[in-house]
Amino acid sequence: MTMQREASGPNVTGAGSEASGPRVTGAGSEASGPKVTGAGSEASGPKVTGAGSPDLITVDVPTHWYNLAAELDSPIPPHLHPGTREPVGPDDLAALFPSGLIAQEVSTEPYIEIPDPVREIYRMWRPSPLIRARRFEEALNTRARIYVKYEGVSPVGSHKTNSAVAQAYYNSLDGVTKLTTETGAGQWGSALAFAGAQFGIDVEVWQVRASYSSKPYRGFLIRTYGGTIHPSPSDLTESGRAMLAKDPDTTGSLGMAVSEAVEVAAANADTRYALGSVLNHVVLHQSVIGQEAVEQLNAVEPGGADVVFGCAGGGSNLAGLSFPFLREKLHGRSDPRVVAAEPAACPSITQGEYRYDHGDVAGLTPLLKMHTLGMDFVPDPIHAGGLRYHGMAPALSHTVELGLVQGVAISQHDAFSAGVQFARAQGIVPAPESTHAIAACAAHVADSDKEEVVVIGLSGHGQLDLPAYAEFLEGNF
């Protein structure tokens with residue numbers, strides 16, 4: 001239950017305080033983690049632009065990634081080897097991932113330093129803006145104060161570059177010359193192609209067939225950055241050929257594309273695999289989003305957020321946004337409610353089972369404890385291709401089980417309706433994935449007299465998804 005507060009807001013106690021909330025362990029108890037020097041540091045404070053009540057707040061780029069798992073009493077269940085069903089070790093992951101990422105996957109440190117080469121590339125677009133969405137508030141007739149954390153300013157227009165750059169960097173340290181990956185809507189594939197170009201790594205992408213056909217511009221972008229792209233399932237891999245034999249007309253799924261990318265990586269000594277979501281190290285890299293947002297929001301709303309909304313498919317976007325806010329909750333500095341907005345066509349949190357399952361269709365990945373609809377589940381070909389995944393990140397699933405995050409399912413029609421309303425009010429056309437978070441927020445605050453502080457994670461722009469908007473506007477959904 002959220003609390004009504006004045007604009008400046010008192011510190012919230014109760015459900016999220018140290019007395020009644022989950023016990024916090026480990027280091028990193030300071031509000032912003034390790035001390036940051038430079039603009040936006042504790043010494044200089046966030047930079048606020050604009051007159052009167054500011055609408056745009058900037059801070060410095062974080063120096064560390066934040067690992068919520070290190071601060072939970074109840075550990076995230078380990079990944080299991082599919083053959084032995086024993087916890088996987090570094091040797092089990094070495095065929096797919098570089099040593100630096102394997103260490104991050106199992107790290108128990110609350111803060112991990114961001115390497116300078118990665119942080120230097122981050123500075124091309126980070127910090128991303130936190131924007132007060134005043135016109136959207138007016139459109140919703142609400143007294144809630146809505147802030148949008150906008151990741152569409154990155155080179156590829158989404159949050160995916162936060163992990164792509166880090167993964168490419170660690171692979172380059174191990175001498176990897178080629179990466180394979182999957183992609184849904186194409187945001188991750190284009191992000192990894194961009195990152196590969198920064199570190200001289202070839203990138204081969206398998207894109208879910210439904211999105212490959214409906215979103216050609218992301219394929220153009222991947223090739224522009226130097227990547228190679230195939231529709232999935234394809235006849236290039238054993239797993240792809242088996243899927244096509246079973247259903248020649250399949251629209252594909254992220255689980256299918258993962259199988260093809262993993263198969264190629266495992267068979268070639270010079271190749272590794274890069275995953276765009278789900279795993280702990282991907283969640284870790286995305287924490288730059290929430291760390292910035294917490295500091296930016298504190299500059300204008302000292303009481304912090306009441307509600308945080310984010311879209312959830314594989315889970316890294318929402319986890320990256322919300323986990324630093326949950327850090328504030330665990331330490332008793334605020335009491336945010338976190339809402340995972342998932343598509344009704346692929347509702348792993350609200351309708352899936354919490355159990356061990358493979359992350360792919362062919363069963364090549366480790367077993368992950370997560371909310372899942374089953375590895376064989378093939379979602380309807382909705383336009384939010386980045387959310388068409390059968391499972392959910394183990395880290396995010398764990399926080400759902402702990403009661404720190406709750407899910408809500410949003411229909412495609414309601415998502416795009418909210419996206420159009422937001423675009424007409426704020427001028428930003430949101431990615432189809434992000435519209436789910438906007439719709440969840442709109443349903444929560446519309447026509448409300450309750451004064452509360454709401455944060456929406458706007459994970460990317462929809463400039464390359466305009467054909468999907470055209471279908472909605474023409475009434476073809």
Side-chain angles (χ1 to χ4, degrees), residues 65-70 72 75-82 87-109 112 159-171 174 176 179-184 187-189 191-192 195 254-255 257-259 261-262 265-266 272-289 312-323 340 348 354 356-372 375 386-387 389-400:
W65 292 303
Y66 171 64
N67 181 19
L68 176 69
L72 298 174
I76 298 171
H79 311 330
L80 302 183
H81 189 285
V88 296
D91 291 344
D92 299 315
L93 300 174
L96 296 179
F97 303 112
S99 56
L101 296 182
I102 293 172
Q104 292 175 4
E105 187 66 20
V106 297
S107 176
T108 57
E109 295 297 320
I112 297 174
H159 68 290
K160 293 293 189 179
T161 37
N162 299 326
S163 186
V165 170
Q167 292 193 48
Y169 167 76
Y170 285 107
N171 275 283
D174 281 12
V176 174
L179 288 171
T180 63
T181 195
E182 78 296 323
T183 195
Q187 295 168 343
W188 169 246
L192 192 65
L254 278 168
V258 170
S259 293
V262 167
R272 293 293 182 271
Y273 168 65
L275 183 62
S277 189
V278 181
L279 292 181
N280 298 337
H281 65 267
V282 187
V283 168
L284 177 78
H285 302 153
Q286 295 296 351
S287 68
V288 294
I289 303 172
S316 68
N317 163 67
L318 175 62
L321 171 69
S322 67
F323 281 9
S348 59
Y354 184 58
Y356 275 102
D357 195 10
H358 286 285
D360 71 314
V361 171
L364 301 177
T365 68
L367 291 164
L368 310 175
K369 188 70 175 290
M370 60 183 178
H371 290 94
T372 178
M375 57 188 280
L387 305 184
Y389 185 63
H390 67 275
M392 189 59 62
L396 186 63
S397 293
H398 188 59
T399 60
V400 172

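The first residue of the sequence shown is numbered 1, and numbering continues consecutively from there.
When all heavy atoms are compared, the tightest approach of Ala164 to Ala195 is O-CB, 3.3 Å. Taking every heavy atom of both residues into account, Tyr273 and Thr180 meet most closely at CD1-O, 3.3 Å. Taking all atoms of both residues into account, the shortest heavy-atom contact from Ser348 to Gly391 is OG-O, 3.8 Å.
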Worked verdict on Asp357 versus His390 for side-chain contact (heavy atoms from CB on, under 4.5 Å) | CA-CA 10 Å; Asp357 195 10; His390 67 275; 3.8 Å; yes

Worked check of side-chain contact (heavy atoms from CB on, under 4.5 Å) between Leu101 and Val282 = CA-CA 9 Å; Leu101 296 182; Val282 187; over 6 Å; no

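Counting only heavy atoms from C-beta outward, the side chains of Gln286 and Ser277 never approach each other to under 4.5 Å. The shortest side-chain heavy-atom distance between Ser316 and Val278 does not fall under the 4.5 Å cut-off. Within the 4.5 Å cutoff, the side chain of Leu364 has no heavy atoms near those of the His358 side chain. Side-chain contact check for His79 versus Leu279: some heavy-atom pair is nearer than 4.5 Å. No side-chain heavy atom of Asp174 sits under 4.5 Å from any side-chain heavy atom of Arg272. By the 4.5 Å heavy-atom criterion applied to side chains, His398 and Leu72 are counted as neighbours. Side-chain contact between Tyr354 and Pro77: present, with at least one pair of heavy atoms (C-beta onward) separated by less than 4.5 Å. Two residues are said to be in side-chain contact when any heavy atoms from C-beta on lie closer than 4.5 Å; Leu396 and Phe323 meet this criterion.
Rounded to the nearest 0.5 angstrom, Leu192 CG and Leu179 CG are separated by 5.5 Å. Once rounded to the nearest 0.5 Å, the distance linking CG of Asn317 with CD1 of Ile289 reads 5.5 Å. Remark: Glu182 CD to Leu275 CG distance equals 5.0 Å, nearest 0.5 Å. To the nearest 0.5 Å, the span separating CG on Asp360 from OH on Tyr389 amounts to 7.5 Å. One distance of note links NZ of Lys160 with OG1 of Thr183; it measures 7.5 Å at 0.5 Å rounding. Separating the OH atom in Tyr66 from the CD1 atom in Ile112 is a distance of 12.0 Å, to the nearest 0.5 Å.
Evaluated for a side-chain contact (heavy atoms from CB on, under 4.5 Å) with Tyr356, the options Leu367, Leu368, Thr372 yield exactly one hit, Leu367.
Side chain to side chain, Gln167 and His285 fail the donor-acceptor criterion of an N or O pair below 3.5 Å. For the residue pair His371/Ser397, the side-chain donor-acceptor check at 3.5 Å is satisfied.
Asn171 contributes no side-chain N or O that, together with a main-chain N or O of Ala168, makes up a donor-acceptor pair within less than 3.5 Å. The main-chain N or O of Ser107 is found under 3.5 Å from a side-chain atom of Asn67 such that the two form a donor-acceptor pair. Under a 3.5 Å cut-off, the side chain of Ser287 and the backbone N or O of Val283 do not form any donor-acceptor pair.
Ring-plane geometry between His281 and Phe97 is classed as perpendicular, the angle between the planes exceeding 60 degrees on a 0 to 90 degree scale with a lower cut at 30.
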